[in-house]
Amino acid sequence: MKIATYNVNGVNGRLPVLLRWLGETMPDVACLQELKAPQEKFPEQAILDAGYEVIWHGQKSWNGVAILSRIGAIKEIRRVLPGDPEDVHSRYIEAVVNDVLIACLYLPNGNPAPGPKFDYKLSWFERLTTHAKQLLAQEIPVVLTGDFNVIPTPQDVYKPERWVDDALFRPETRAAFQKLTAQGWTDAIRKLYPEEKIYTYWDYFRDAFGRDAGLRIDHFLLSPQLETRLTAAGVDRQVRGWEKSSDHAPVWIELK
DNA sequence: ATGGCTCCATACTGGAGA
């Protein structure tokens, strides 16, 4: 079972790239973030025509998440991260596909930090951590995936010293990620590639992709029930080089 | 220290992203 995550940065503007990527790499499940489309403007028919079932939670202008499957029914569990009825951002959707619970998330960026946006990031992170603990308690196969907007370690950024004050790399952010993973989650990419330089994002400025000046911020966290089923993982770097690409590249794992 | 680029909105400019 191949599961992928891709921050598309606008699902309608990205549609040709998205469809090409789906056709060439054929993930069984694809989690999308940053749809940047209201619920009724999601390109449902194009996704169906590509052979995928889909559920999504859109929002005007910003955020938005989706889960696609070409291996059968998507059983939606929830489309809101519990813990704050006031939070109206579309940043979370959760479903069971093929007996694996898949949480597709878009964690807030948090810049500028410090400030209210950073506070929102940390409080969202705490809600995620609380919910993740409840998922672990079910002792079932769970994947937490998406754009975490977290650079976990200095190994995950081209020039760590430039990022120390950034919301993606500040000590509070790294500590929150550490606290989450310490519950018992496995960082799939790092389990298979503990020493490699692996990035999932390159900004649009100054030929960052050409210089490989990137970040690793899109992650797969696996519950203990999946750890021994992980057989492969990678980043579809080539997609970042395509015309009209997102600033993120897709990331994927294989489960046996 | 700043801005570089790209997306979307209702747009010829601004907010947000990371």
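Below, read A as the first sequence line, B as the second, and so on, with proteins coming before strands; counting in each chain starts at 1.
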query: Hey, does A/N7 reach any base, or is it just sugar-phosphate, or nothing, if we go heavy atoms under 4.0 Å?
result: sugar-phosphate
field: Salt bridge flag under 4.0 Å for residues A/R170 and A/E172
entry: yes
- request: Identify whether any heavy atom of A/N149 sits under 4.0 Å from a base atom; if not, whether one sits that close to sugar-phosphate; answer base, sugar-phosphate or nothing.
  value: sugar-phosphate
- line: Assign each of A/G10 and A/D247 the nucleotide of DNA chain B bearing its closest heavy atom; nearer the 5' end lies the nucleotide of A/G10
- line: Heavy-atom closest pair (A/L68 atom, A/V54 atom, distance to 0.1 Å) is CD1-CG2, 3.7 Å
- line: Answer for the Watson-Crick or wobble partner of B/dC5, both distances under 3.5 Å, is B/dG17
- request: Look at A/E254 together with A/K2 and state whether they make a salt bridge at an N to O cut-off of under 4.0 Å.
  value: no
message: Base, sugar-phosphate or nothing for A/K117? Non-hydrogen atoms, less than 4.0 Å.
response: sugar-phosphate
- prompt: So, for A/Y106 and A/H89, is the gap between ring centers shorter than 6.0 Å?
  reply: no
task: In whole angstrom, give me the gap between the P atoms of B/dC7 and B/dA18.
output: 14 Å
- request: Kindly assign one of parallel, tilted or perpendicular to the pair A/W56 and A/F42, based on the angle between their ring planes and the thresholds 30° and 60°.
  value: parallel
query: So, for A/Y92 and A/H57, is the gap between ring centers shorter than 6.0 Å?
result: no
query: Whom does B/dT10 pair with, Watson-Crick or G-U wobble, provided both distances fall under 3.5 Å?
result: none
- prompt: Quantified in whole Å, what is the C1' atom distance between nucleotide B/dG3 and nucleotide B/dG17?
  reply: 15 Å
field: Side-chain (A/K121) to main-chain (A/N149) donor-acceptor, under 3.5 angstrom
entry: yes
query: If the C1' atom of B/dT10 is compared with that of B/dG14, how far apart are they to the nearest Å?
result: 12 Å
query: Which residue lies toward the 5' end of DNA chain B, A/K244 or A/L168, if each is placed at its nearest nucleotide?
result: A/K244
- prompt: Where along residues 197-220 of chain A does a heavy atom come under 4.0 Å from DNA chain B, residue by residue in number order?
  reply: A/Y201, A/Y204, A/F205, A/R206, A/L215, A/I217
- prompt: Roughly how far apart, to the nearest Å, are B/dA1 and B/dT6 at atom C1'?
  reply: 23 Å
- request: Begin with the C-alpha distance, continue with both residues' side-chain angles, and end with the deciding distance and a verdict on salt bridge (Lys or Arg N to Asp or Glu O under 4.0 Å) for A/D156 and A/R174.
  value: CA-CA 12 Å; A/D156 299 308; A/R174 280 182 274 169; over 6 Å; no
field: Step-by-step side chain to side chain donor-acceptor pair (under 3.5 Å) determination, A/D247 to A/W202
entry: CA-CA 6 Å; A/D247 39 8; A/W202 299 260; over 6 Å; no
message: Using atom P in both nucleotides, what's the gap between B/dT13 and B/dG4 to the nearest angstrom?
response: 16 Å
statement: At a 4.0 Å cut-off to heavy atoms of chain A, the contacted part of DNA chain B spans B/dG3 to B/dA18
